[in-house]
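Below, chain A is the first sequence line, B the second, and so on; all start at residue 1. Atoms considered below: every heavy atom in the structure, side chains included; atoms not considered: hydrogens, waters and symmetry mates.
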Protein chains: 2
Amino acid sequence: MPPKKATDQLQTTCATCALTQFCLPMGLTERELKDLEALVKHRRIFSRGEILHQPGDFFQNFYAIRAGAVKSVTINTAGNEQVFGFYLPGEVIGFEAISTQKYPHSIIALTETSICELPFTHLMQMSKTHSGLQHQLLALASQRLTIDTCIHFTDTQQRVIAFLLNVSARLNRSAGLKRIFDLPMSRHDIGNHLGLAMETISRIIHHLKRQGLLAVHHRSIELLKIPALKALATGNK
Amino acid sequence: MPPKKATDQLQTTCATCALTQFCLPMGLTERELKDLEALVKHRRIFSRGEILHQPGDFFQNFYAIRAGAVKSVTINTAGNEQVFGFYLPGEVIGFEAISTQKYPHSIIALTETSICELPFTHLMQMSKTHSGLQHQLLALASQRLTIDTCIHFTDTQQRVIAFLLNVSARLNRSAGLKRIFDLPMSRHDIGNHLGLAMETISRIIHHLKRQGLLAVHHRSIELLKIPALKALATGNK
DNA sequence: CGATCATTTGATGTAATTCAAAACTGGTGG
DNA sequence: CCACCAGTTTTGAATTACATCAAATGATCG
């Protein structure tokens, strides 16, 4: 199967972008939704490895991911990369930058990625009159605060399983876990994000495969025994 | 020196609570600030070990920490505790709960802790007319998203140093690092939060002490060589 | 189709966990 | 006020699990 291009997947997402999609259930009127869509500045496509912005860049826009995936990273003075997190379709980049007015991380495309640019000041202006939008912005920031629970697990295997389940859930949003999916990031990125060596990720996934809990072929994952995986992730050995 | 009680420290904080304090620089008028102060529902004191709320409790209030400290935890089915984070004076609990309408974690007082309850619906209502408040709520959520960078370090020592510097900075807010301070949490909590064993925390801190980088007596810390500590935390060995 | 990058797999060393016990705290009541 | 007790922290020794190094295999892309 050839790799899907971002443009192929757009049909399955909303007409404009993730933000308007998520504003839909917030009870915006037709008119309000049209206002929001009119606010979208650019729709852009980034290729694998391209940089959306750098740390220190002045914060002007949210980036709503329509298709693809990016990683959020910093590079310290010793040249070591730090993977802070990932953004998947439907997720919005930029909340970390509000308090300082500057983006704190580099955002780098992991695959071909399609995004919408949403000017922050316009959104704030608009949310004065559209109270649903005001709540929605806080709700999206709120989601982001609880999205990354796998980090906090002490046990290594738990962390990896929780990460896989996390990505699976985020790729399916409303509808529970996605059983079959492709990991958009490398083992290296996963390891860096979870504080583990790339090889350890590889070995743990292999171990889960041998136990028959999941099928895996490089970056494609099929969750076979979801209840068992959930049990392991929550610490029931 | 006897341990300070929460009530002793209140004089050094704002007249009402952390939220109004942080709204001050946002350009609220006298009138707006009075409205905000009127909105504060309760001021309460919790003793060490008391629970502010449990996971699943219906989200109604933000809790602004005036003095003291709390930890944010969950307990999984196997009975293992997970420390997600800490809230120090000036920080506001509740943003994680906006999207689901329920608090995701237990909040437990680590020392005697004084808080303000701020009803969420009232804040939202008020921010319709006070745009500074609207921005301030997003800015506080934004801060929270970037507050916990120490988690992401791969190297163990880096994680511990970054944690200490993080707490030091948060205890001093605007004015850089606090050189002398007390850790409000146990070694056990630090270890759990950083994904390390309690003994490892103890040993690493001891090691830093022997190197003359800091002075430590149980929970009291004095940072002696801040530039060196910063360099170690950012990966320059 | 060959070059490059990503992943897997194996062998080895080391660093962190675990288990255990001692030292130190803070709090309580005699 | 001092002695005792529970909880916390420190320290030590042994084990285990993870990182590291290295090489081979497998994808991907020009």
Side-chain angles (χ1 to χ4, degrees), chain A residues 1-5 47-50 69 71 80-81 83 108-112 153-161 163-164 182-210 214-221 232 235 237, chain B residues 1-5 47-50 69 71 80-81 83 108-112 153-161 163-164 182-210 214-221 232 235 237:
Chain A
M1 192 171 11
K4 284 177 197 154
K5 295 206 169 181
S47 316
R48 171 192 168 84
E50 279 195 90
K71 63 177 173 181
N80 301 320
E81 196 179 73
V83 177
I108 300 174
L110 294 168
T111 61
E112 192 172 43
F153 287 91
T154 44
D155 182 65
T156 308
Q157 180 173 277
Q158 271 183 45
R159 233 180 291 173
V160 176
I161 298 174
F163 177 79
L164 294 175
D182 285 344
L183 290 168
M185 70 290 286
S186 68
R187 300 282 189 272
H188 184 85
D189 287 334
I190 298 174
N192 189 313
H193 183 235
L194 299 181
L196 301 168
M198 168 186 64
E199 295 93 333
T200 305
I201 307 297
S202 187
R203 277 186 249 265
I204 288 175
I205 290 179
H206 179 73
H207 182 64
L208 297 171
K209 182 183 182 177
R210 277 192 36 168
L214 49 76
V216 55
H217 186 66
H218 299 96
R219 296 195 183 181
S220 101
I221 303 279
L232 283 171
K237 292 192 179 175
Chain B
M1 189 175 9
K4 284 177 198 153
K5 294 205 170 184
S47 317
R48 173 190 166 83
E50 278 194 274
K71 62 177 173 181
N80 301 319
E81 197 179 73
V83 178
I108 301 174
L110 292 170
T111 62
E112 192 173 44
F153 287 92
T154 45
D155 182 66
T156 308
Q157 180 174 277
Q158 271 184 44
R159 234 180 292 173
V160 175
I161 297 174
F163 177 80
L164 295 174
D182 285 344
L183 290 169
M185 70 291 286
S186 68
R187 300 283 189 271
H188 184 84
D189 287 334
I190 297 174
N192 190 314
H193 182 236
L194 300 181
L196 301 169
M198 168 186 63
E199 294 91 333
T200 305
I201 307 297
S202 187
R203 278 185 249 265
I204 288 175
I205 290 179
H206 178 73
H207 181 65
L208 296 171
K209 183 182 181 178
R210 276 193 35 171
L214 47 77
V216 55
H217 187 66
H218 300 94
R219 295 196 183 181
S220 101
I221 303 280
L232 283 171
K237 292 191 178 176

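Near-neighbour residues of DNA chain D inside residues 185-193 of chain B, defined by a heavy atom below 4.0 Å, number-ordered: B:S186, B:R187.
Across the protein-nucleic acid pair, B:D182 atom CG and D:dT8 atom C1' stand 15 Å apart, rounded to whole Å. Residue B:L183 contributes atom CG, which lies 15 Å from atom C1' of D:dT10 at whole-angstrom precision. The CD1-P distance, from A:I221 to C:dT7, rounds to 11 Å in whole Å. One can place NE2 of B:H207 at 16 Å from C1' of D:dT11, the figure rounded to the nearest angstrom. Separating the CZ atom of A:R48 from the P atom of C:dC5 is a distance of 11 Å, rounded to the nearest angstrom.
Applying the 4.0 Å criterion to OP1 and OP2 of C:dG26, one finds that B:H218 has every side-chain N and O outside that range. In this structure, B:H217 reaches the C:dT25 phosphate: one of its side-chain N or O atoms is under 4.0 Å from OP1 or OP2. For B:R219, no side-chain nitrogen or oxygen approaches OP1 or OP2 of D:dT8 to under 4.0 Å.
The two residues B:Q157 and B:L232 make their nearest non-hydrogen contact at NE2-CD2, 3.9 Å. The two residues A:S47 and A:A109 have their closest heavy-atom pair at O-CB, 3.4 Å. Nearest heavy-atom pair across B:I201 and B:L194 is CD1-CD1, 4.3 Å.
In this structure the side chain of B:E81 reaches within 4.5 angstrom of the side chain of B:D189, judged on heavy atoms.
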Enumerate all atom pairs, one protein N or O and one N or O from nucleotides 16-21 of chain D, separated by less than 3.5 Å.
| unit_1 | atom_1 | unit_2 | atom_2 | d |
| --- | --- | --- | --- | --- |
| D:dC18 | OP1 | A:T156 | OG1 | 2.5 |
| D:dA19 | OP1 | A:A197 | N | 3.0 |
| D:dA19 | OP2 | A:A197 | N | 3.2 |
| D:dA19 | OP2 | A:T200 | OG1 | 2.1 |
| D:dT20 | O4 | A:R203 | NH2 | 2.9 |
| D:dC21 | N4 | A:E199 | OE2 | 3.2 |

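Of the listed nucleotides (D:dT8, C:dT25, C:dT9), C:dT9 has the atom at the smallest distance from the side chain of A:S202.
In terms of modelled atom types and a separation under 3.5 Å, the side chain of A:R187 and the main chain of A:E199 share no donor-acceptor contact. A donor-acceptor pair is defined here as one N or O able to donate and one able to accept, closer than 3.5 Å; such a pair exists between the side chain of B:R159 and the backbone of B:F153.
Checked options A:N192, A:L110, A:T111; the residue passing with A:M185 is A:L110 (criterion: side-chain contact (heavy atoms from CB on, under 4.5 Å)).
Rounded to the nearest 0.5 Å, atoms CZ (B:R203) and NE2 (B:H207) are 13.0 Å apart.
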Note to self: Quick one, A:V83 with A:I190, criterion side chain to side chain contact (heavy atoms under 4.5 Å, CB included). Give me CA distance, side-chain angles, the key distance, then yes/no.
What the structure shows: CA-CA 8 Å; A:V83 177; A:I190 298 174; over 6 Å; no
